[in-house]
Amino acid sequence: MKTFADRLRYLKGLRDVSVKQIAAACRVSDPTVYGWLRSSQPRNKHLAMLATFLDTTVDFLVNGEQSETRDEIIQELRTLVPKLSTKQLEILLQTAKEFSKKTA
């Protein structure tokens, strides 16, 4: 089975990005990214930044699972979020946090 490092190397090549670019996007050092490319796995906050930067899902990075429906939902959210008011964003964030607590 493919590992996190395998999937990260695959996406790094597919997106044609450098270690330095990944490190900057995730606000970590280059050696940290090299560690991820070898065997370690990022913390959750870095996983989210990494998934966004590589235009994929955390599920794919961690588990190798890619749901077309999930990807479509995420893409639609990315389109809608900039159009929301601050109050709507606050409600969306609070709702997401509540769901996150229930699945953790």
Side-chain angles (χ1 to χ4, degrees):
M1 176 177 232
K2 299 270 185 195
T3 65
F4 169 83
D6 293 329
R7 288 185 289 277
L8 178 55
R9 283 191 299 271
Y10 165 76
L11 289 169
K12 179 184 173 295
L14 184 67
R15 304 287 190 255
D16 193 28
V17 295
S18 68
V19 166
K20 199 167 277 312
Q21 289 171 308
I22 294 171
C26 296
R27 299 184 199 128
V28 296
S29 67
D30 293 3
T32 297
V33 176
Y34 283 116
W36 297 345
L37 290 165
R38 280 191 306 279
S39 63
S40 64
Q41 188 166 311
R43 295 181 179 158
N44 287 342
K45 70 178 183 177
H46 297 127
L47 273 172
M49 288 188 268
L50 186 59
T52 299
F53 178 71
L54 295 172
D55 195 27
T56 191
T57 63
V58 171
D59 281 345
F60 177 74
L61 286 170
V62 175
N63 304 312
E65 296 173 10
Q66 189 96 8
S67 162
E68 286 184 33
T69 303
R70 180 180 169 83
D71 288 346
E72 289 170 5
I73 292 168
I74 290 171
Q75 188 58 42
E76 188 170 352
L77 281 170
R78 285 182 182 153
T79 314
L80 294 173
V81 165
K83 300 173 186 175
L84 298 177
S85 70
T86 300
K87 185 63 179 170
Q88 290 170 321
L89 287 171
E90 289 170 352
I91 293 167
L92 181 61
L93 177 61
Q94 188 59 40
T95 303
K97 284 180 178 181
E98 288 300 317
F99 280 124
S100 179
K101 287 179 190 175
K102 292 177 184 177
T103 60

Over all atoms of both residues, closest heavy-atom pair of [X] and [Y]:
{"X": "Ala51", "Y": "Thr57", "answer": "CB-C, 3.8 Å"}
{"X": "Ser39", "Y": "Ala5", "answer": "N-CB, 4.4 Å"}
{"X": "Val19", "Y": "Lys12", "answer": "CG2-CE, 3.7 Å"}

- Message: Whether the side chain of Arg15 engages the backbone of Asp55 through a donor-acceptor N/O pair (distance < 3.5 Å, no angle test) should be reported.
- Response: yes

Measuring from [X]:[atom1] to [Y]:[atom2], what's the distance to the nearest 0.5 Å?
{"X": "Gln41", "Y": "Thr3", "atom1": "CD", "atom2": "OG1", "value": "9.5 Å"}
{"X": "Lys45", "Y": "Arg27", "atom1": "NZ", "atom2": "CZ", "value": "8.5 Å"}
{"X": "Asp6", "Y": "Leu11", "atom1": "CG", "atom2": "CG", "value": "11.0 Å"}

Please determine whether residues [X] and [Y] belong to a single hydrophobic cluster, defined as Ile, Leu, Val, Met, Phe, Trp and Tyr linked transitively by side-chain heavy-atom distances below 4.5 Å.
{"X": "Tyr34", "Y": "Tyr10", "result": "yes"}
{"X": "Leu89", "Y": "Ile91", "result": "no"}
{"X": "Leu37", "Y": "Met49", "result": "no"}
{"X": "Leu80", "Y": "Ile73", "result": "no"}
{"X": "Leu61", "Y": "Leu14", "result": "yes"}

- Message: Less than 4.5 Å apart, side chain to side chain, heavy atoms only: is that true for Leu8 and Leu50?
- Response: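 Yes - at least one pair of side-chain heavy atoms lies under 4.5 Å apart.
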
- Item | Pairwise side-chain contact, Trp36 with His46, heavy-atom cut-off 4.5 Å (strictly under) |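 The answer is yes; the side chains approach within 4.5 Å.
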
- Could you tell me whether the side chains of Gln94 and Glu98 share a donor-acceptor contact shorter than 3.5 Å?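 On atom types as modelled, these side chains qualify, holding a pair under 3.5 Å.
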
- Message: Tell me every residue that passes salt bridge (Lys or Arg N to Asp or Glu O under 4.0 Å) with Lys20, counting only those two or more places apart in sequence or in another chain.
- Response: Asp30

